[in-house]
Number of protein chains: 2
Amino acid sequence: MKEKLEIPSCQKCGARQKSVFCSLNSDQLVQLNEEKGCDFYSKGEIIFKEGSYSKGLFCVNKGKVKLSRLGQSGKEQIVRFATAGDVMGYNSMLSKRALGASAIALEDSVVCFVPAAHFFELIKQEPEFSLKMLELTAKNWDNASKLITNMAQKTTKQRLAEMLLWLKETFGLDKDDCIDVQLSREEIANMVGTATEAVIRLLADFKKNKLISLEGKRIKLLDIHGLVMIADLVD
Amino acid sequence: MKEKLEIPSCQKCGARQKSVFCSLNSDQLVQLNEEKGCDFYSKGEIIFKEGSYSKGLFCVNKGKVKLSRLGQSGKEQIVRFATAGDVMGYNSMLSKRALGASAIALEDSVVCFVPAAHFFELIKQEPEFSLKMLELTAKNWDNASKLITNMAQKTTKQRLAEMLLWLKETFGLDKDDCIDVQLSREEIANMVGTATEAVIRLLADFKKNKLISLEGKRIKLLDIHGLVMIADLVD
DNA sequence: TCAAAAGTATGATATTTGTCAGGTATCAAT
DNA sequence: ATTGATACCTGACAAATATCATACTTTTGA
């Protein structure tokens, strides 16, 4: 499945500055570059699977990845996304528990792999790196607790509006001002926590009310303020 | 509000072994003990408040604490609990973001406070401590993503059954085999993400079906297996 | 000790949402 | 072009749950 490719160097990695590796010095980067592996995953391919154990940390060099876990009778729940510079699979390594989520490429992606041994070496050597990791996990928790609150308290419509805004933040816009990620209606439902039909109906509703425009999977946000109103406030 | 009290020593702290400070040597413990503060909070008192900034790490010495954030129009969402040995307030310190949740004492509690400067000193000095912190945040994420999935996919009844089982794990049982924590129906609703009335009705239903017994706020689990069945599977 | 307040309980009703069933559009491969 | 597969869409209905109204009970505090 996964093919070897020309390995991108950490030193020249465009995503490094916004990654957890931003504080490493050049010696450490050279070393990281030697220790790491790298693989290409085409759209839909599984990068790692919920339930297995992570033997290192994955870092997205290029592409888009969804992280999801299986809930109720096999239904997928998307818990977060990863794009260039984001790391994945470290929680399992740190907690010595099985991976809590699977990672699947949403488009053709390049993902590097840092073996656990070298990761722990970095922690030992470089307190700044520990702090970056802690900062990252702290932000993750913050997002997660917000998501828990939304899931528990908001209506499907509110959650969908919020997710659209969040997708825009996460993936940005393409040249046509559409959200720069292709998700099926089912995948959107699996983020929002509802049935596919509900998403279809609500998107049609948003379109009717000129909040968004739709062209297949491509979604353009026309009225950000309106969506914010729906997401945060009254129906 | 909060009163000073005789400060429990870290060296003799019964909860230390199961805490994030378990790997510190005796010198480090002495120092920690000198740097830390400690306060008593009576039932219902606020330990810290969502939105402010944490200047250190709180560690529960004794008692029970709920961590909750405000959602939709001021409704409380309980995101986790903390008991002896658990730490709180570190995410804000690490991410430099405002505190994402408030901490409120569920019963009379003693909570120590480690200033940020000393926390960061420990991170710098002791990689083992960094690892313990990372392990903790990793486990938190794992729990959070599970909770997100449950909130998104399970029915109220399933979530309530799961929460009862989780409360038992978190707080254990008292001498009468009741779950050793006193929560109002409203607080339970604020964990499960539903209305108070729904909790009352469902608890009555569980009682009718001999899954639990009720005596005011005291809940005894009579049929663990039955609750597991409800939580994980069919209705 | 009493009154007020807070918490608990139950019924009736309205709304939201999930489920099922059927239909159309799109795309890939033969 | 035809088929089959998959995704997308729509309507009807049933079920779950929120909301509102109203008691009852317990706790709190003056």
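Nothing here was measured: the structure is a model prediction, and the numbers come from that model. By convention in this document, chain letters (A, B, ...) are assigned in the order of the sequence lines, proteins followed by strands, and residues within each chain are numbered from 1.
No N or O donor and acceptor, one from the side chain of A:Arg201 and one from the base of C:dG18, sit under 3.5 Å apart.
Residue B:Thr194 has a polar side-chain atom (N or O) positioned under 4.0 Å from OP1 or OP2 of D:dA18. OP1 or OP2 of C:dT17 lies within a sub-4.0 Å distance of a side-chain N or O belonging to A:Thr156. Phosphate contact (OP1/OP2 of D:dC9, side-chain N/O of A:Arg185, threshold under 4.0 Å): present. The phosphate of D:dA7 has neither OP1 nor OP2 within less than 4.0 Å of any side-chain N or O from A:Lys217.
Using cut-offs of 30° and 60° on the angle between ring planes, the pair B:Phe81 and B:Phe171 is perpendicular.
The closest donor-acceptor contact from the side chain of B:Ser109 to the backbone of B:Ala105 lies at 3.5 Å or more, if one exists at all.
In this structure, A:Lys75 places its NZ atom 14 Å from P of C:dT17, rounding to the nearest Å. Rounded to whole angstrom, the span from the NZ atom of A:Lys157 across to the P atom of C:dT16 amounts to 8 Å. Going from atom CD of B:Gln153 over to atom P of D:dT17 covers 14 Å, rounded to whole Å. Remark: P of D:dA18 and CD of A:Gln158 are 13 Å apart, rounded to the nearest angstrom. B:Lys207 has its NZ atom 14 Å from the P atom of C:dT8, to the nearest Å. Taking atom CG on A:Asp205 and atom P on D:dC8, their separation rounds to 18 Å, with Å as the unit. Rounded to a whole Å, the CG atom of A:Leu214 is 14 Å from the P atom of C:dT26. To the nearest angstrom, P of C:dT17 lies 14 Å from CD of A:Glu197.
Residue whose closest nucleotide on DNA chain D sits further toward the 5' end, between A:Ile200 and A:Ala152: A:Ile200. Of the two residues contacting DNA chain C, namely B:Ser184 and A:Arg159, the nearest-nucleotide position lying further toward the 5' end is that of B:Ser184.
A salt bridge is absent between B:Lys62 and B:Asp108; no separation between the charged side-chain nitrogens and carboxylate oxygens falls under 4.0 Å.
Across A:Ala161 and A:Ile230, no two heavy atoms sit closer than the pair CB-CG2, 3.7 Å. Contact detail for A:Val192 and A:Thr156: the closest heavy-atom pair is CG1-O, 4.0 Å.
For B:Glu186, counting side-chain heavy atoms from C-beta on, the closest listed nucleotide (C:dG7, D:dT19, C:dT19) is C:dG7.
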